[in-house]
Amino acid sequence: MAAVGRNCHFRETKTPFRRKKMPFNLHWTFTVLIFIASRCSADEDHEMEEFLKREYSLSKPYQGVGSLGSSHWELMGDAMVTTDQVRLTPDKQSRQGAVWSRIPCHLNDWEMQVHFKIHGQGKKNLNGDGLAIWYTKERMQKGPVFGHMDNFTGLGVFVDTYPNEEKQLEAQKKRYTPRTQRIFPFVLAMVGNGTISYDHERDGRPTELGGCNGMVRNLKHDTFLFIRYIRRRLTVMIDIDGQHEWRDCLDIPGVRLPKGYYFGATAVTGDLSDNHDIISLKLYQLTVLRSKQEEEEQEEEITIPSVDNFELLRVGQTEEGMSAVAIFFTVLFSILGCIFLIVIGLVVYSHWQESRRKRFY
């Protein structure tokens with residue numbers, strides 16, 4: 001998706017995608033004009049332009065992809081190139097494949113538009129496992145996280161098509177609470193610092209930054225994923241309804257990603273399978289006019305990926321996920337602990353009273 005310049009001059013977009021607009025009548029026109037005027041006033045100091053970076057982009061006709069020395073992209077595992085797509089995995093069991101950029105990215109601000117397709121013979125919830133888009137320090141490393149290594153360093157955006165936790169709860173004759181119920185496929189993002197593991201059993205819930213449901217399988221129209229990283233803010237949007245309209249998925253400030261990492265796409269199948277196809281990866285460099293304070297902050301070198309207040313997010317998710325049994329035992333042991341302290345206090349007080357009386361005889 002091509003962004004509109006922040007100086008409020010509307011220019012021709014690079015692709016036909018746009019955010020969803022209101023019905024065009026007099027009332028809404030007046031409202032939209034007021035909104036644009038307010039945005040122009042607020043963002044007049046933050047003009048933004050974007051440029052397609054072909055060395056970090058992958059598109060048809062995929063000339064030389066996978067061959068040594070003749071392409072910026074390298075294939076791994078079961079991935080193969082056809083005339084229409086880079087197929088990461090076929091619709092077969094126990095396959096994994098990847099395509100990785102050979103060139104590290106040193107851009108401060110960027111956005112990636114991913115044109116992908118997931119399809120197969122499996123029915124709903126009888127397919128898997130999903131694909132991932134990466135910006136990580138490591139590349140060409142096979143592993144359990146959608147075909148990439150665990151404990152990775154950088155950013156992963158996952159299109160998860162199989163509900164592992166839900167199936168386990170069903171086997172235990174349990175169900176999600178309405179507050180935590182998810183609809184799969186589910187799109188989520190995670191930042192790793194080399195020590196954080198992706199939790200397959202819980203579909204990445206403990207470490208996710210946010211996400212949204214996205215019914216992307218077996219669609220006749222094109223499906224797109226949009227990832228933007230600007231001013232240390234991560235935004236993910238999807239266009240999966242065939243309306244050429246972006247839908248917000250997550251928007252997280254305070255995301256700190258080092259420069260010099262690699263872009264890649266991976267996918268994996270297990271007992272269940274799907275075709276996971278990448279039609280294109282288009283990376284745009286964003287040129288942003290910054291204030292002096294933002295320039296000073298930008299000069300600070302980031303060496304380890306992190307997210308501001310990430311521990312607070314993890315605490316919130318942990319508390320929300322506590323079961324009734326865990327709450328019961330927590331309360332029970334708290335009460336027993338209080339009783340134990342009271343008894344100890346009474347015993348100590350009794351000995352003190354007795355020794356005090358003895359001093360008078």
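Hydrogens, waters and symmetry mates play no part in the numbers below; they use all other heavy atoms, side chains included.
- Side chain of Asp91 to main chain of His119: no donor-acceptor pair is present (N/O by atom type, distance under 3.5 Å, no hydrogens or angles).
- At least one donor-acceptor pair closer than 3.5 Å links the side chain of Thr223 to the backbone N or O of Phe116.
- Under the 3.5 Å distance criterion, with hydrogens and angles disregarded, no donor-acceptor pair is assigned to the side chains of Asp84 and Thr82.
- Judged purely by atom type and a 3.5 angstrom limit, Asp241 has no side-chain atom pairing as donor or acceptor with the backbone of Gln243.
- Here the two rings, on Tyr198 and His200, have centers that are under 6.0 Å apart.
- Judged as a salt bridge (charged side-chain N to carboxylate O under 4.0 Å, His left out), the pairs with a partner in residues 268-280 (not counting sequence neighbours) are, in order, Arg87-Asp277, Arg217-Asp274.
- For Gln285, the side-chain contact (heavy atoms from CB on, under 4.5 Å) partners are Lys53, Leu107, not counting sequence neighbours.
- The six-membered or imidazole ring of Phe226 lies near that of Trp246, with a centre-to-centre distance under 6.0 Å.
- Of the possible donor and acceptor atoms, one in the side chain of Ser57 sits under 3.5 Å from a partner among the backbone N and O of Leu283.
- Proximity of a side-chain donor or acceptor of Ser59 to a complementary backbone N or O of Ser280 within less than 3.5 Å is not detected.
- Residue pairs that meet the side-chain hydrogen bond (donor to acceptor under 3.5 Å, both in side chains) test with at least one member in residues 140-151, sequence neighbours left out, are Asp150-Ser197.
- For the residue pair Thr235 and Asp251, a side-chain donor N or O sits within less than 3.5 Å of a side-chain acceptor on the partner.
- Using a cutoff of 4.0 Å between basic side-chain nitrogens and carboxylate oxygens, Glu165 and Arg182 are not scored as salt-bridged.
- Side-chain contact, Asn275 with Lys117: no donor N or O sits under 3.5 Å from an acceptor N or O.
- No path of Ile, Leu, Val, Met, Phe, Trp and Tyr side chains, each step under 4.5 Å between heavy atoms, connects Met80 with Val99, placing them in separate hydrophobic clusters.
- The stretch residues 125-135 participates, sequence neighbours left out, in no salt bridge (charged side-chain N to carboxylate O under 4.0 Å, His left out) pair at all.
- Proximity of the aromatic rings of Trp110 and Phe51 is defined here by a centroid distance below 6.0 angstrom, and this criterion is not met.
- For an aromatic pair to be called close, the ring centres must be under 6.0 Å apart, and Trp134 with Phe152 satisfies this.
- At distances below 3.5 Å, not a single donor-acceptor pair connects side-chain atoms of Tyr135 with backbone N or O atoms of Gly264.
- Asp308 has a carboxylate O that lies under 4.0 Å from a charged side-chain N of Arg256, or vice versa, which qualifies the two as a salt bridge.
- Glu138 meets the salt bridge (charged side-chain N to carboxylate O under 4.0 Å, His left out) test with no other residue; sequence neighbours excluded.
- Every residue two or more places apart in sequence or in another chain was checked for a disulfide bond (SG atoms under 2.5 Å apart) with Cys105, and none qualifies.
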